[in-house]
Amino acid sequence: MSRKFFVGGNWKMNGDKESLGELIMTLNTASLNDETEVVCGAPSIYLDYVRSKLDQRIGVAAQNCYKVPKGAFTGEISPAMIKDCGIEWVILGHSERRHVFGESDELIGQKVAHCLESDLGVIACVGEKLEEREAGTTEDVVFEQTKVIADNVKDWTQVVLAYEPVWAIGTGKTATPDQAQEVHEKLRGWLRANLSDAVADSVRIIYGGSVTGGNCKELAAQPDVDGFLVGGASLKPEFVDIINARS
C-alpha cells in the first residue's frame with residue numbers, strides 16, 4: 001500500500017505576524033510536490049491568522065490542546081476551538097510537552113481520544129531520551145508510548161505517528177537514516193503484531209529530529225519513513241526543500 005508522504009512543520013513558540021507572514025508568502029508561492037501532504041503547526045494565538053493567509057493546499061495544526069471541550073482550564077484550548085478556526089490537525093505528545101511540561105502518557109492518551117472524537121487529525125509523537133537509547137531501552141519506551149496512544153484510537157485514518165528521538169530535537173544531532181529506519185520498521189512491526197496488517201500498512205510514521213534540507217532526501221528514501229515533523233528548519237526557506245524531499 002502506498003502511503004502519502006507527510007511533512008509537518010512545528011513552528012513551536014516562534015514568530016510574529018511579520019515573520020510568519022513572510023514564511024507563509026514563501027510557502028504560498030513555492031512549487032510543492034503534489035504527492036506530499038503538508039501541515040504547519042502554528043502557535044495557538046496565530047492559528048486564525050495562519051489559516052486565513054496560508055494557501056488551502058497546506059494544512060494547519062495546533063501544537064497542543066486539552067482533553068475536554070470547554071471549562072475552567074485557564075490557558076488551555078480545546079479541539080472545538082481549534083476546529084472553529086478552520087484547523088484540521090493537532091500535534092500531541094511532543095517531547096517538549098512530555099519533558100518540559102510533565103505531561104503523562106495517560107494524559108496524552110486522553111487528549112488523543114478526545115481529538116479523534118472531535119474529528120481532528122492527530123500527529124502523535126513518541127521517542128526516547130538519550131539515556132534511554134544508551135541504556136538500550138529505545139523499543140521499550142517507544143512501544144509503551146505507542147500502546148497508550150493506540151488504546152485511544154478507533155480510526156487510524158486520522159492519525160500520523162511521529163518518531164522523534166528526544167536526543168535529536170534541536171540539538172543538531174540527527175538519527176542516521178539507518179537508525180531512523182530501524183525504529184520505524186520496529187514501530188510498524190508493533191502495529192502489525194498488536195493491531196492489524198491493515199493499520200501497519202496504512203499508518204504513516206514520520207521522523208522528527210534536526211531534519212534539514214541537507215539530510216532530508218536520504219531519510220526520505222528509507223522504506224518505513226513516510227515523512228517528517230520538522231522543527232527549526234520549518235521556519236526557513238529550506239522547508240520547501242524538505243517538503244520536496246521525494247521529488
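Values below: every heavy atom of this structure, side chains too, minus hydrogens, waters and symmetry copies. Remember, it's a predicted structure, so these values are computed and weren't measured experimentally.
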Chemist: Evaluate the side-chain proximity of His99 to Lys129: yes if any heavy-atom separation is below 4.5 Å, no if none is.
Modeler: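 They are in contact (side-chain heavy atoms under 4.5 Å apart), so the answer is yes.
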Chemist: Would you say Ser19's side chain and Gly15's backbone share a donor-acceptor pair under 3.5 angstrom?
Modeler: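 Side chain of Ser19 to backbone of Gly15: no pair is present.
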Chemist: Are Leu92 and Cys115 packed together at the side-chain level, in the sense that at least one heavy-atom pair is separated by less than 4.5 angstrom?
Modeler: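 The answer is yes, as the side chains (C-beta and beyond) meet within the 4.5 Å cut-off.
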Chemist: Side chains of Leu27 and Cys40: closer than 4.5 Å at any heavy-atom pair?
Modeler: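 They are in side-chain contact.
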Chemist: With distance as the sole test, does Tyr207 use its side chain to make a donor-acceptor pair with the main-chain N or O of Pro165 at under 3.5 Å?
Modeler: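 Side chain of Tyr207 to backbone of Pro165: no pair is present.
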Chemist: How many angstroms lie between atom OG1 of Thr176 and atom CD of Glu218, to the nearest 0.5 angstrom?
Modeler: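 Between Thr176 OG1 and Glu218 CD, I get 8.5 Å after rounding to 0.5 Å.
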Chemist: Is there a side chain to side chain contact (heavy atoms under 4.5 Å, CB included) between Asn152 and Leu116? Walk through the geometry before answering.
Modeler: CA-CA 9 Å; Asn152 288 281; Leu116 293 175; over 6 Å; no
Chemist: Nearest heavy-atom pair of Ile243 and Thr36: which atoms, and what distance?
Modeler: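 Minimum heavy-atom separation between Ile243 and Thr36: O-OG1, 3.5 Å.
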Chemist: Starting at CG of Asp48, measure out to SG of Cys85 and round the result to the nearest 0.5 Å.
Modeler: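 Rounded to the nearest 0.5 Å, the CG-SG separation comes to 4.0 Å.
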Chemist: Hey, mind stepping through His94 and Glu164 against side chain to side chain donor-acceptor pair (under 3.5 Å) and telling me if it holds?
Modeler: CA-CA 8 Å; His94 192 280; Glu164 294 201 306; 3.1 Å; yes
Chemist: Report yes or no: is the cationic atom of Lys17 (NZ for Lys, CZ for Arg) closer than 6.0 Å to the six-membered ring centre of Tyr49, at no more than 45° off its axis?
Modeler: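 Positive - Lys17 is close enough to the ring of Tyr49 and near enough to its axis.
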Chemist: I want to check something: taking the side chain as every heavy atom from C-beta on, are Gln222 and Gln179 in contact at a cut-off of under 4.5 Å?
Modeler: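 Result no, sub-4.5 Å side-chain heavy-atom pair not found.
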Chemist: When clusters are formed by joining ILVMFWY residues with side-chain heavy atoms under 4.5 Å apart, either directly or through shared neighbours, do Ile82 and Leu229 land in the same one?
Modeler: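 Result: no, two separate clusters.
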Chemist: Any salt bridge between Arg51 and Glu88, counting N to O under 4.0 Å?
Modeler: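 A salt bridge links Arg51 with Glu88.
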Chemist: Looking at every non-hydrogen atom in both residues, tell me the closest pair between Ser210 and Thr171 and how far apart they are.
Modeler: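 Distance-wise, the nearest heavy atoms are OG-N, 3.7 Å.
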Chemist: Parallel, tilted or perpendicular for His184 and Tyr163, by the 30°/60° rule?
Modeler: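 Because their plane-to-plane angle is over 60°, the rings of His184 and Tyr163 count as perpendicular.
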Chemist: If you count every heavy atom of other residues, nucleotides or ligands that lies below 6.0 Å from Glu131 atom CD, does the total exceed 12?
Modeler: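 Counting other residues, nucleotides and ligands, CD of Glu131 exceeds 12 neighbours.
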Chemist: May I ask you to decide if Thr212's main-chain N or O and Asn215's side chain share a donor-acceptor pair within less than 3.5 Å?
Modeler: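 Checked: pair present.
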Chemist: Side chains of Leu161 and Arg204: does their closest heavy-atom pair fall under 4.5 Å?
Modeler: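 No, their side chains stay 4.5 Å or more apart.
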Chemist: Could you give the distance from CG (Asp84) to OG (Ser78), rounded to the nearest 0.5 Å?
Modeler: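 The OG atom of Ser78 is 9.0 Å from CG of Asp84, to the nearest 0.5 Å.
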Chemist: For the CZ atom of Arg57 and the CG atom of Asn28, what is their distance to the nearest 0.5 Å?
Modeler: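 These two atoms lie 7.0 Å from each other.
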Chemist: Of all heavy-atom pairs between Leu23 and Ser234, which one has the smallest distance, and what is that distance?
Modeler: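 Distance-wise, the nearest heavy atoms are CD2-O, 3.5 Å.
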Chemist: Would you please test Val225 and Ile206 for side chain to side chain contact (heavy atoms under 4.5 Å, CB included) and show each step?
Modeler: CA-CA 6 Å; Val225 174; Ile206 63 176; over 6 Å; no
Chemist: Does atom CD (Glu76) have a neighbourhood of more than 12 heavy atoms from anything else shown, all under 6.0 Å?
Modeler: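 Yes.
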Chemist: If every non-hydrogen atom of Ser95 is compared with every non-hydrogen atom of Ile169, which pair is closest and at what distance?
Modeler: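 Taking every non-hydrogen atom into account, OG-CD1, 3.2 Å.
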Chemist: Using the rule side chain to side chain contact (heavy atoms under 4.5 Å, CB included), only one of Asp140, Val142, Val183 pairs with Glu128; which is it?
Modeler: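 Looking at Asp140, Val142, Val183, the match for Glu128 under the side chain to side chain contact (heavy atoms under 4.5 Å, CB included) is Val142.
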Chemist: Is the NZ atom of Lys217 crowded by more than 12 outside heavy atoms at less than 6.0 Å?
Modeler: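 More than 12 within 6.0 Å, yes.
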Chemist: When you group the ILVMFWY residues by side-chain heavy-atom contacts below 4.5 Å and let the links chain together, are Leu32 and Val60 in the same group?
Modeler: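 The answer is yes; both residues are in one hydrophobic cluster.
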Chemist: Give a yes-or-no answer on whether the side chains of Thr157 and Asp155 include a donor-acceptor pair shorter than 3.5 Å.
Modeler: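 Short answer, yes.
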Chemist: For the residue pair Asp226 and Val203, what are the closest heavy atoms and their distance?
Modeler: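 Closest approach of Asp226 to Val203: OD2-O, 3.7 Å.
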Chemist: Donor-acceptor pair, distance only, cut-off 3.5 Å: does the side chain of Arg188 make one with the backbone of Ala200?
Modeler: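 Checking the backbone N and O of Ala200 against the side chain of Arg188, a donor-acceptor pair under 3.5 Å is found.
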Chemist: Would you check if the distance from the ring center of Phe6 to the ring center of Trp89 is below 6.0 Å?
Modeler: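 When the ring centroids of Phe6 and Trp89 are compared, they turn out to be within the sub-6.0 Å range.
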Chemist: Compare all side-chain heavy atoms of Asp224 with those of Arg3 and state whether any distance is below 4.5 angstrom.
Modeler: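 Yes, their side chains come closer than 4.5 Å.
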Chemist: Which residues pass the ring-ring contact (aromatic ring centres under 6.0 Å, His included) test with Phe228, not counting sequence neighbours?
Modeler: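 With sequence neighbours excluded, Phe228 shows a ring-ring contact (aromatic ring centres under 6.0 Å, His included) to Phe5, given in chain and number order.
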Chemist: With distance as the sole test, does Asn194 use its side chain to make a donor-acceptor pair with the main-chain N or O of Leu191 at under 3.5 Å?
Modeler: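 Checking the backbone N and O of Leu191 against the side chain of Asn194, no donor-acceptor pair under 3.5 Å is found.
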Chemist: Would Met81 and Ile87 show up in the same hydrophobic cluster when neighbours are defined by side-chain heavy atoms closer than 4.5 Å?
Modeler: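 Yes; Ile87 is reachable from Met81 via cluster members.
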Chemist: Do side-chain atoms of Glu238 reach the backbone of Gly213 as a donor and acceptor pair under 3.5 angstrom?
Modeler: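 Confirmed, Glu238 side chain pairs with Gly213 backbone.
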Chemist: Cluster question for you: counting only ILVMFWY and a side-chain heavy-atom cut-off of under 4.5 Å, with indirect links fine, are Val153 and Leu107 together?
Modeler: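 No, because Val153 and Leu107 fall into different hydrophobic clusters, even though each may have its own neighbours under 4.5 Å.
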Chemist: Can you see which heavy atom on Val39 is nearest to which on Ile123, and at what distance?
Modeler: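 Val39 and Ile123 have their closest heavy atoms at CG1-CD1, 4.5 Å.
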Chemist: Strictly by modelled atom types, are Gln145 and Asp105 linked by a side-chain donor-acceptor pair under 3.5 Å?
Modeler: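 Not at all, the side chains of Gln145 and Asp105 share no donor-acceptor pair under 3.5 Å.
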Chemist: Heavy-atom count around Lys147 NZ within 6.0 Å, excluding the residue itself: above 12?
Modeler: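 No, not enclosed.
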Chemist: Taking atom CG of Asp16 and atom CD of Glu22, what is their separation to the nearest 0.5 Å?
Modeler: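 Asp16 CG to Glu22 CD: 8.5 Å, rounded to 0.5 Å.
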Chemist: Quick one: are Arg133 and Val166 in side-chain contact, heavy atoms under 4.5 Å?
Modeler: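 The answer is no, as the side chains (C-beta and beyond) never meet within the 4.5 Å cut-off.
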Chemist: Without swapping roles, check the side chain of Asp55 against the backbone of Ile58 for a donor-acceptor pair under 3.5 Å.
Modeler: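 Not confirmed, Asp55 side chain does not pair with Ile58 backbone.
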Chemist: Mark yes or no for whether Arg98, through its side chain, and Gly93, through its backbone, hold a donor-acceptor pair below 3.5 Å.
Modeler: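 The answer is yes, because a donor-acceptor pair under 3.5 Å joins these two groups.
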Chemist: Would you say Val141 and Ile205 are hydrophobically clustered, going by side-chain heavy atoms of ILVMFWY under 4.5 Å?
Modeler: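 Unlinked, Val141 and Ile205 end up in two clusters.
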Chemist: Where do Asn10 and Gln63 land on the side chain to side chain contact (heavy atoms under 4.5 Å, CB included) test, with the steps shown first?
Modeler: CA-CA 7 Å; Asn10 181 8; Gln63 296 176 13; 3.6 Å; yes
Chemist: Does Lys4 come within less than 4.0 Å of Glu37, counting only side-chain N to carboxylate O?
Modeler: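 No salt bridge links Lys4 with Glu37.
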Chemist: Treating Thr137 as the side-chain partner and Glu132 as the backbone partner, does any N or O pair qualify as donor plus acceptor under 3.5 Å?
Modeler: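 At least one qualifying donor-acceptor pair exists.
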Chemist: For side chain to side chain contact (heavy atoms under 4.5 Å, CB included), just list the numbers for Ile45 and Met13, CA-CA rounded to whole Å, side-chain angles, deciding distance to a tenth of an Å, and then say yes or no.
Modeler: CA-CA 10 Å; Ile45 199 166; Met13 196 177 72; over 6 Å; no
Chemist: Are Ile242 and Val7 packed together at the side-chain level, in the sense that at least one heavy-atom pair is separated by less than 4.5 angstrom?
Modeler: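 Yes, side chains in contact.
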Chemist: Could you pull out every donor-acceptor pair under 3.5 Å between side chains of residues 64-73 and any protein atom, sequence neighbours left out?
Modeler:
unit_1, atom_1, unit_2, atom_2, d
Asn64, OD1, Lys111, NZ, 2.9
Lys67, NZ, Gln110, OE1, 3.1

